[in-house]
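All values below come from the heavy atoms of this structure, side chains included, with hydrogens, waters and symmetry mates left out. In listed order, ligands and their atoms are each counted from 1. All of these numbers come straight from a predicted model, not from anything done at the bench.
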Amino acid sequence: MFSWRRQLFLIAILLIASIGGSVLIIKRTIDDLLYRDAVSTAQNWAGFLAKHVTDLEHISNGEKPSAESLFFFEQAREVGRVFRYKIFDHDGNVRLMSDNLQAAATKPLTLGEHNPAAARAIAMGQPLVTIEEGAPPGRPSFYAEAYIPVAANGRRIAVVGTYVDQTEKRAQFNASFPFAAISIALLTALAFGLPAFAWYRRTQEKARAEEHIRFLRHHDLMTQLPNRKYLIESLALALATLPANGTALALHCIDLDRLKDVNNSLGREAGDGLIRKVAERLRVVVPQNDMVARLGSDTFAVLQTNVTSVGAAEALAQRIKDEIAKPHVINGKEVCIGASIGVTLAPAHGNDVKRLIKCAELGLDKAKKSGRNCIRFFTPEMAAKLDERLEIEQSIRDAIANESFDLHFQPWLNLRSGRLTGFEALLRLPAHGGDFVPPTVFIPLAEEMGLIDAIGMWAIRQACRTAVHWPPHLTVAVNLSPAQFLAGKVASVVEDALTESGLDPYRLELEITENMLLSDADTVLAELGRLKAMGVKIAMDDFGTGYSSLRYLWRFPFDKLKIDGAFMRGLDGRDRNVEQIVRTIVALGRSLDLTVTAEGVENAHQLAFLREIDCDQVQGFLYGRPMPATDLAATILADYWRSLPVELAPPAAEAHSESVAHAG
Ligand code: C2E
Ligand code: MG
Ligand code: MG
């Protein structure tokens, strides 16, 4: 793509070339006109002469002209623009000249004066014209010499040389030439210039639109600051060109503290205004050669170059923190916020874009955990954590690519009947050495990586495919992440999984946690409504650990409450308060017609208490740990034996039934 200056230059060149071309064409046309005029004048004159001079052939042969011819020659010495004429013989020798008629009258002219042009004209049988510049008064300043062969009875008898004065004709043409030249040049300029101008304008507009698109791709609209993509590109470039002379670069990751409070108290628009003000301050406080970018809603980054010491990076981080801490006036109100800042240095902490961003984020995490509104540099201790994290991230990617995730299933029982009711599907990420990375570790990472959606969908499909082979009274429960709801595809994915596997919708239970309802409760509840309409059951997982907002229980008809395992551990301390809370949750569930399941049941004491308060279901290590799908048959079979009358049950099943009964 040419720059606009280059395009303008090209247009100017083309315009000049077109005008110059027009001038040349006109000049050539005038020359041609003068030539044709000379030929036609000379031919007329020669014809006229041949008609009146009857002894032309004799004269051409060197004889004296007759008295009539001589009289004609005298009269015709100067006719119109013909200021001279000559008669040549076959060989191009002069036999008569208008300048020297006396000589012709007295004696034949000498044959010495030979004219090659005349000889050529008679040889070719065609007029031959040359245009000459003359020197007045001897000759006109511009004239044509025309040699016209004259034929009689099919023979070429002579050549009449005619000298036509074209000075005036040329002056006439030239007088009209500038006007014609300018008119044609203007027309050419218009014919060419208008489309060229339109093309130029279009090119400019296109270039501007492309520039705008490029800007949008690389900037955050609200603050006009570079976005994450632009920061990553700039960081990669800065790292690639990092000088070997010891100067380094620092990446500051800045998170605004208390922006949420501003959003909640003054409204979202005020929050946006605050973000814009912070962006403005960052622009001012950060040196011009360095970059300020907005990474997320309340997260910014600063790429500091030419860092000569850790102190320099520390000083900038401090200035940034101080600047953000100064009061901001929003909607006429003074608002004070703070900033947590994580800083990393390159090449000291790494020379890879992804790693450095992670390092800065880890520094930021540390700053937030240290009470916020402070600066924390990335440290080598964090590096070990980072490596572990990067390794898990890679395992997640590999597991997605190779479909090597696994689902383990943990049984849950009906406490009253002691019968197996279903299994909860729990995701497992295989790690090196046959171990598994716990879901509590890799699921938050997968959520951050934006991959939980795909993983969660796989879990739903896989759980349905497995459960369809179980006895029809058994249910399968699958956990869902908030991110899965963002895509708004949960209902359709569940529907597909049920259709594909042939599992009855009533045998599928989906577990959600309260935090899922915090961000966009309406969307989530609407999606849950669609699922429930399909016949799928919805359970509130980990109840009692989050906000335990009863509002959601009232807004959505859940089927089940799962009391978080932490309460079972609390029961072991014989804490009356925990007992009271668990009792209340069970009573609440009962009053709302919900099934209540206690999670994390590990011992007989917990079980006894749950029986006492009439909890519906239990799940925990006491009954079975999460196990691979291939191991479920034994559990299902044992449950089947337990359902048989004692006399039919094998001894092992009998023993197990007794242990459950005994625990009760
Ligand atoms: P959760 O849904 O509350 O699952 C119960 C967790 O408690 C499981 O941990 C289970 O192994 C553990 N557990 C069960 N009984 C006992 C017990 O008696 N004692 C103790 N100490 N622990 C017990 P796990 O498998 O590590 O899963 C942890 C969490 O990861 C799950 O909590 C769930 O929130 C999440 N998760 C698991 N699979 C998935 C999944 O497919 N998708 C999503 N989004 N989250 C999942
Ligand atoms: Mg669960
Ligand atoms: Mg749970």
When you measure from the heavy atoms of Q619 to every atom of ligand 1, does any distance fall below 4.0 Å? no
Testing the 3.5 Å rule here: is there a donor-acceptor pair between the side chains of D220 and Q224? no
Checking D572 against N603: is there a side-chain donor and acceptor pair closer than 3.5 Å? yes
Atom of E511 nearest the Mg ion (ligand 2) (restricted to N/O/S, atom name only): OE1
Please find the N/O/S atom of E424 nearest to the Mg ion (ligand 2) and write down its name. OE2
I'd like to know: is the Mg ion (ligand 2) within the 2.8 Å range of an N/O/S atom from T513, strictly under that distance? no
Could you check whether any heavy atom of E424 sits closer than 4.0 Å to an atom of ligand 1, since that is the contact criterion I want to use? yes
Does the shortest distance from the Mg ion (ligand 3) to an N/O/S atom of E599 fall below 2.8 Å? yes
Do any heavy atoms of G456 fall under 4.0 Å from ligand 1? no
Contact bool for atom 22 (N) of ligand 1 (protein heavy atom, d < 4.0 Å): yes
For ligand 1, note which part of S481 has a heavy atom under 4.0 Å away: side chain, backbone, both or neither. both
Proximity to ligand 1 by part of R428, non-hydrogen separation under 4.0 Å: side chain
Does the residue G565 have a heavy-atom contact with ligand 1, meaning some pair of atoms that are separated by less than 4.0 Å? no
Closest N/O/S atom of D541 to the Mg ion (ligand 3), by atom name? OD1
min-distance N/O/S atom, D542 vs the Mg ion (ligand 3), resolves to OD1
Within 4.0 Å of some non-hydrogen atom of D542, the atoms of ligand 1 are 3 (O)
